[in-house]
Q: 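For reference, the structure I am asking about is given below.
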2 protein chains.
Amino acid sequence: MNRKRATLKEVATRAGVSIATVSNVFSGRKPVNADLKAKVEKAARELSYQVDRAASQLRSGRAQVVGVLVPDLDDTFFTSLISRLEVMARRDGFDVIVASSRDERELEESRLQTLLGWRPSGIIAVPCSDKVPAILKREAGRLPMVLVDRVIADSPVADTVTIDNFEAGAIAVRHLLDMGHAEIALAASHLGIAPIRDRIRGATAAARERGARDPVAVEVGANAERGGEVFSDWLGCNPLPSAVLALTNVTTLAVLAALARRRIDVPEKVSLIAFDDYPWMSARKTPLTAIRQPVDEIAGAAWERLKLRMAGDASPSHPTILHASLQDRASVRRAGPRITAASSKEAAADPALDTT
Amino acid sequence: MNRKRATLKEVATRAGVSIATVSNVFSGRKPVNADLKAKVEKAARELSYQVDRAASQLRSGRAQVVGVLVPDLDDTFFTSLISRLEVMARRDGFDVIVASSRDERELEESRLQTLLGWRPSGIIAVPCSDKVPAILKREAGRLPMVLVDRVIADSPVADTVTIDNFEAGAIAVRHLLDMGHAEIALAASHLGIAPIRDRIRGATAAARERGARDPVAVEVGANAERGGEVFSDWLGCNPLPSAVLALTNVTTLAVLAALARRRIDVPEKVSLIAFDDYPWMSARKTPLTAIRQPVDEIAGAAWERLKLRMAGDASPSHPTILHASLQDRASVRRAGPRITAASSKEAAADPALDTT
DNA sequence: GTTTAACTGTAAAACGTTTAACAGCTGCCG
DNA sequence: CGGCAGCTGTTAAACGTTTTACAGTTAAAC
């Protein structure tokens, strides 16, 4: 067995043709006679030849790689994104290089920098803050890129794919209000992150719209375990809200952990709306009512956008905004009359008159 | 802003040196005078130069990439593996190309094939069955590779990193027996997968060792949702076991879903041991007792092995076997007297005499 | 029967690096 | 003061592809 790897040249001599012909057989750029083609393929098989992507890329300038940068490879939301992107990229002949910024801006820059060394055809990035990384700003316009999730939707530098986070927060709070919950706590990861802020704004707006008290946001961080402690501490120092809305899947975990530790039952003592929708949320005695982000659609939209750009589309940058939806399950209990603007103003109006 | 990317040559002319010098500044292969170096670095910065990995790799033959192949990017076990590998690879200057075989042997071969096109420095693979993929067999010896998890530990073709799955199954069942559970069901994903078979063998052996009935294995597949239905159906046709041992994190989900649907309480009606250990398993009113795989160690061992091989180590292939451990929490209830060989034989011997 | 066009195949020049070989310059030893 | 070693920098030749320009062959068109 050969130590070294077969090259075009070796295949060519073995098949008795020029290297250009072999190249044509593999790239399909020019047609080649059927039996020559057969001979080449046979030779290639015998040598178990595989085209060298580095050489190919160097010469052609085309890369067939996309870089995918996410803040955290332990967060299911991001890995499910990657999972779907990998399938689509693969389908279209691209390989995926993953990089994690681990939520550090510095690491993010450095990972992006090395990603660029690949001269990738495109980049899909979930920035770790809502500031677009400097490197991407610099590359905007010459490198196809799509920004996902942690981003202001009308960022002028690149295409974006996000959900309507304001609406997501509002939907959740309206549901809680409908079920009669007036004291709402929000479990946020970090207030510095745009989608989180938007979800909070949406939640707050929905509450005000009905004249309910502003929800109170608790910042618990992006780690489930530590977040659990933080939220548990918060529960210790504050009156128990009637409902909690978790703003990410990790904060959902944090809330659940804190509630379990303090033996506060869901939904008997407190109602809960989870964020994102993963199997573990339904596989419980009390399946969690959740705000589902359409991960498939997000990934799909990001990939389609990137493909367009990679195909040369140079139109102005385009924001895609998708919609989260409420999965109504069992973790929100009916706590009293529906809270409507009327009922909260007039205190005892019949809430049944107001339909959604 | 320049359309094209800066090259070594441009940096060289701008800094007034030869391209070789610039190369030396970046690779550090040969020392270069301090102020020249400064000039080069300045020029590079101004052009925002970044070395082209394709060119570099083509010329040097060194790749600085490792391929990572897993069966499923939606399975937390694999993504947490990837997460850790990415950190270590990055630390050592390697980039990671991920590929998912989606549990299909054909896709696996094709993904590996394209991975090879990168001429990677090494490959870490979790095969989708316990048969080593043909391509890897062919490459064994010339391409550094480490096989993880789904693999027979003494596979002679490559280094392996696994846990002692037999032991893992045994530990779990012994715990169940200690707690007085005699009818044990095993929720397996696929019987065709080596680690699963080993876990079952271990579980069975532990039961026999104490003269208890053989656990019965239920094959529920690798998808949580469908698995839940399968297991629920099984529950419908069979007497309720006293305890269930799930053999993967996904089957844990399946079991939980089925139990929830049938309103069977854990641990009141049935005890449960989960496999793997993820935040959602503890964030419940009844935190799950679990068999924890040491993911950090697995990833660490795989990477260290690969580094060794990439550094040229050509010693015979080496199996690393790590150990799972029982995380005792609340999902296993005491069901009766401890089941020991004596008690099961003599039916009424005092189990309290037998200590662990 | 010559000209054109269409088709297939080939030779050779890139692509942006790394690196072996070499050249110039010090300073030091004999 | 010649020669030699030790630095530091440069020249130029790879690396394995893709691709342009061109050559040869055959078929169609006039």
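Worth saying up front: this structure is predicted, and the values here are computed from it rather than measured. Below, chain A is the first sequence line, B the second, and so on; all start at residue 1.
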Q: Roughly, in whole Å, what's the span from CD in B:Gln57 to C1' in C:dT19?
A: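 In whole Å, C:dT19 C1' and B:Gln57 CD are 17 Å from each other.
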Q: Would you mind telling me which of D:dT18, C:dT19, D:dT8 lies closest to the side-chain atoms of B:Asn33?
A: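 Nearest nucleotide to the side chain: D:dT8.
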Q: Would you tell me if any nitrogen or oxygen in the side chain of B:Ser18 comes within less than 4.0 Å of OP1 or OP2 on D:dT10?
A: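 So the side chain of B:Ser18 is within the cut-off, an N or O lying under 4.0 Å from OP1 or OP2 of D:dT10.
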Q: Checking base pairs now: Watson-Crick or wobble, both atom distances under 3.5 Å. What partners D:dC30?
A: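 Paired with C:dG1.
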Q: Between B:Glu139 and A:Arg5 (salt bridge meaning N to carboxylate O under 4.0 Å), is one present in this structure?
A: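 Between A:Arg5 and B:Glu139 there is a salt bridge, with a charged N closer than 4.0 Å to a carboxylate O.
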Q: I want to verify a distance call: between D:dT18, C:dT18, D:dG9, whose nearest atom is closest to the A:Ser23 side chain?
A: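 Comparing D:dT18, C:dT18, D:dG9 against the side chain of A:Ser23, the answer is D:dT18.
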Q: Considering only NZ, NE, NH1 and NH2 on the basic side and carboxylate oxygens on the acidic side, decide whether A:Asp72 and A:Arg102 come within less than 4.0 Å.
A: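 A:Arg102 and A:Asp72: not salt-bridged.
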Q: Specify the separation, in whole Å, of atom NZ of B:Lys39 and atom P of D:dG9.
A: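 Rounded to the whole Å, the gap is 10 Å.
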Q: Could you state the CD1-C1' distance from B:Ile19 to D:dG9, rounded to the nearest angstrom?
A: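 Interatomic distance, CD1 of B:Ile19 to C1' of D:dG9: 13 Å.
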Q: Choosing from D:dT17, D:dT20, D:dG9, which nucleotide comes nearest the side chain of A:Arg29?
A: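 Ranking D:dT17, D:dT20, D:dG9 by closest atom to the A:Arg29 side chain puts D:dT20 first.
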Q: Taking A:Ser80 for the side chain and A:Thr76 for the main chain, is one N or O donor matched with an acceptor at less than 3.5 Å?
A: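 The answer is yes, because a donor-acceptor pair under 3.5 Å joins these two groups.
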Q: Applying a 4.0 Å non-hydrogen cut-off, can you work out what B:Arg53 is touching in the nucleic acid: base, sugar-phosphate, or nothing?
A: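 Since no nucleic acid heavy atom lies under 4.0 Å of B:Arg53, the category is nothing.
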Q: Please tell me which of B:Thr7 and A:Leu36 maps to the more 5' nucleotide of DNA chain C, matching each residue to the nucleotide holding its nearest heavy atom.
A: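 Final value for this comparison: A:Leu36.
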Q: Send over the distance from B:Lys30 NZ to C:dA23 P, rounded to a whole Å.
A: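 Going from B:Lys30 (NZ) to C:dA23 (P), I get 13 Å.
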Q: Decide side chain to side chain contact (heavy atoms under 4.5 Å, CB included) for A:Ile82 and A:Leu73; before the verdict, give the C-alpha distance in whole Å, the side-chain angles of both, and the deciding distance to 0.1 Å.
A: CA-CA 9 Å; A:Ile82 290 179; A:Leu73 283 170; 3.5 Å; yes
Q: Quickly work out the A:Asp35 CG to C:dT8 C1' distance and round it to whole Å.
A: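 Computing the A:Asp35:CG to C:dT8:C1' distance gives 12 Å.
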Q: In this structure, which one of B:Asp130, B:Asp103, B:Thr162 forms a side chain to side chain donor-acceptor pair (under 3.5 Å) with B:Arg150?
A: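 Testing B:Arg150 for a side chain to side chain donor-acceptor pair (under 3.5 Å) against B:Asp130, B:Asp103, B:Thr162 leaves exactly one candidate, B:Asp103.
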Q: Looking at the base of D:dG16, is there any donor atom on it, or on the side chain of A:Lys9, that sits under 3.5 Å from an acceptor on the other one?
A: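 Looking at the base of D:dG16, it does not pair with any donor or acceptor on the side chain of A:Lys9 (distance under 3.5 Å).
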Q: Is it the case that C:dT18 (base atoms only) and B:Arg59 (side chain only) share a donor and an acceptor within less than 3.5 Å, ignoring hydrogens and angles?
A: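 Under the 3.5 Å cut-off, the side chain and the base do form a donor-acceptor pair.
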Q: In whole angstroms, how far is the P atom of D:dT17 from the CG atom of A:Asn24?
A: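 After rounding, the gap between these two atoms is 14 Å.
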Q: Of the nucleotides D:dT10, C:dT17, C:dG9, which one has an atom closest to the side chain of A:Val32?
A: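 Ranking D:dT10, C:dT17, C:dG9 by closest atom to the A:Val32 side chain puts C:dG9 first.
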Q: Starting at atom CG of A:Asp52, determine the distance to atom P of C:dC15, rounded to an integer number of angstrom.
A: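 Distance check: A:Asp52 CG to C:dC15 P gives 18 Å.
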Q: For C:dG9, does OP1 or OP2 lie under 4.0 Å from any side-chain N or O of A:Thr21?
A: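 So the side-chain polar atoms of A:Thr21 never come under 4.0 Å of the phosphate oxygens OP1 or OP2 of C:dG9.
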Q: Measure from CG on B:Leu58 to P on C:dA14 and round the result to the nearest Å.
A: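 These atoms are roughly 17 Å apart.
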Q: Mapping B:Arg119 and B:Ala34 to their closest nucleotides on DNA chain D, which lands nearer the 5' end?
A: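 On the 5' side of the pair lies B:Ala34.
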Q: Hey, are B:Arg111 and B:Glu108 close enough for a salt bridge, meaning a charged N less than 4.0 Å from a carboxylate O?
A: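 No, B:Arg111 and B:Glu108 are not salt-bridged.
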Q: Just to be sure I understand the rule, does B:Tyr49 reach a base, reach only the sugar-phosphate, or reach nothing, if contact means heavy atoms closer than 4.0 Å?
A: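 The answer is sugar-phosphate, as B:Tyr49 gets under 4.0 Å only of primed atoms, P, OP1 or OP2.
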